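Structure, as structure tokens:
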Amino acid sequence: MILMNRFTRVLTAIAAAAVLLLPSACATTATTDPADAGKLAIVTSFYPLQFVVERVAGGHASVSNLTTPGAEPHDLELTPRQVASLVRADFVVYQGGFQSAVDEGVAQAAPRHVLDVTTVVPLLDTGTHDEAGHSHAADAVDPHLWLDPMNLATIATEVSRQLGDLDPAHASDYDEGAAGLITDLTSLDADFRTGLT
């Protein structure tokens, strides 16, 4: 009898939770921005990558960022909704090895199209080396690759290439977006070099 009462209470609680969650699920669907219909859904892991993708994709994509403004990227923990966004994404752009939660989320979600930017921009080796060239630092790479404007230019070129493969009808627009961004980044790089000499 006690077991039956517990079972009934658990079943009632589950039913009540389902009723409570139903309106919120409907609300989530209802609040989807109609302006995003027909656009590529792109997820980025933190702001510099969002900036690059938005500039390259222009109005052909809806770009979201897993790291909220003001949050520490290293401390990111993904919510179930964010993991679901990785599953649904047409394209995911992230930096492997920088945010472990994102690495795990990408592995779990297995999105169809993914760019790990470290595959096109190698991380800078900052460790000390012996005569044979072996590194002796525990953490011998600098993960902050976005601080070099020309690294972002390289990423922009690859983003444009992959978007062109995903959406050939707008490939020329992606090339144009990348070209404009690369021009701005090259100018910024020149300003940095002049200022630092």
Side-chain angles (χ1 to χ4, degrees), residues 10 13-37 39-57 60-127 135 137-149 151-156 158-159 162-163 166 181 185:
V10 169
I14 291 171
V19 169
L20 290 173
L21 290 174
L22 185 60
S24 65
C26 294
T28 301
T29 304
T31 57
T32 301
D33 189 349
D36 291 338
K39 295 183 179 183
L40 293 173
I42 304 177
V43 177
T44 60
S45 56
F46 56 93
Y47 179 72
L49 300 180
Q50 179 187 9
F51 169 75
V52 170
V53 173
E54 286 178 336
R55 285 287 304 269
V56 174
H60 300 302
S62 172
V63 184
S64 62
N65 180 1
L66 294 173
T67 306
T68 56
E72 171 55 50
H74 295 283
D75 298 334
L76 178 66
E77 294 295 332
L78 298 184
T79 66
R81 181 173 292 194
Q82 288 174 312
V83 174
S85 76
L86 292 171
V87 173
R88 291 190 306 267
D90 295 305
F91 188 31
V92 175
V93 181
Y94 77 111
Q95 181 177 323
F98 182 63
Q99 296 168 292
S100 60
V102 176
D103 292 346
E104 292 166 13
V106 168
Q108 179 183 345
R112 289 169 296 164
H113 301 284
V114 180
L115 171 60
D116 173 357
V117 297
T118 64
T119 63
V120 292
V121 178
L123 296 178
L124 181 64
D125 188 345
T126 60
S135 174
D139 184 10
V141 293
D142 179 2
H144 306 96
L145 57 78
W146 63 89
L147 296 177
D148 182 339
N151 285 345
L152 293 182
T154 300
I155 293 167
E158 182 62 16
V159 166
Q162 293 205 27
L163 288 177
L166 278 170
L181 176 57
L185 292 168

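Index from 1, following the sequence. As the structure is a prediction and not an experimental result, all values here were calculated from the model.
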Taking all heavy atoms of [X] and all of [Y], pick out the closest pair and write down the distance.
X: A109; Y: V87; result: CB-CG2, 3.5 Å
X: V92; Y: A89; result: CG2-CB, 3.8 Å
X: S45; Y: L49; result: OG-CD1, 3.5 Å
X: E77; Y: A101; result: CA-CB, 4.1 Å
X: A156; Y: V52; result: CA-CG1, 3.7 Å

Query - From CA spacing to verdict: side chain to side chain contact (heavy atoms under 4.5 Å, CB included), I155, L145 - result: CA-CA 10 Å; I155 293 167; L145 57 78; 3.7 Å; yes
Requested in this report: Take L123 and Q95, measure what side chain to side chain contact (heavy atoms under 4.5 Å, CB included) needs, and give me the verdict at the end.
Outcome: CA-CA 10 Å; L123 296 178; Q95 181 177 323; 3.9 Å; yes
**Report entry** W146 ring center within less than 6.0 Å of F51 ring center
**Finding:** no
For the atom pair [atom1] ([X]) and [atom2] ([Y]), what is the distance rounded to the nearest 0.5 Å?
X: R112; Y: D90; atom1: CZ; atom2: CG; result: 6.0 Å
X: Q99; Y: E104; atom1: CD; atom2: CD; result: 11.5 Å
X: H113; Y: L40; atom1: NE2; atom2: CG; result: 9.5 Å
X: L185; Y: R55; atom1: CG; atom2: CZ; result: 7.5 Å
X: L115; Y: Q162; atom1: CG; atom2: CD; result: 5.0 Å

Query raised in the report: Any donor-acceptor pair under 3.5 Å linking the side chain of E158 with the backbone of V117?
Result: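 No.
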Query - S64 side chain to V43 backbone, donor-acceptor under 3.5 Å - result: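 Not confirmed, S64 side chain does not pair with V43 backbone.
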Requested in this report: Apply the test side-chain hydrogen bond (donor to acceptor under 3.5 Å, both in side chains) to residues Q50 and E54: give CA-CA distance (whole Å), side-chain angles for both, the deciding distance (0.1 Å), then the verdict.
Outcome: CA-CA 6 Å; Q50 179 187 9; E54 286 178 336; 3.1 Å; yes
Taking C-beta and beyond as the side chain, do [X] and [Y] meet within less than 4.5 Å on heavy atoms?
X: Y94; Y: T44; answer: no
X: L163; Y: I42; answer: yes
X: Y47; Y: N65; answer: yes
X: S85; Y: L66; answer: yes

Query - Criterion side chain to side chain contact (heavy atoms under 4.5 Å, CB included) on L78 and L86, from CA distance to verdict - result: CA-CA 10 Å; L78 298 184; L86 292 171; 4.0 Å; yes
Requested in this report: Measure up the H144 and H74 rings against each other and bin them: parallel (under 30°), tilted (30 to 60°), perpendicular (over 60°).
Outcome: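 Rings of H144 and H74: perpendicular, as their planes differ by over 60°.
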Query raised in the report: Do F91 and L166 pass the side chain to side chain contact (heavy atoms under 4.5 Å, CB included) test, and can you show the C-alpha distance, the side-chain angles, and the key distance before you say yes or no?
Result: CA-CA 9 Å; F91 188 31; L166 278 170; 3.8 Å; yes
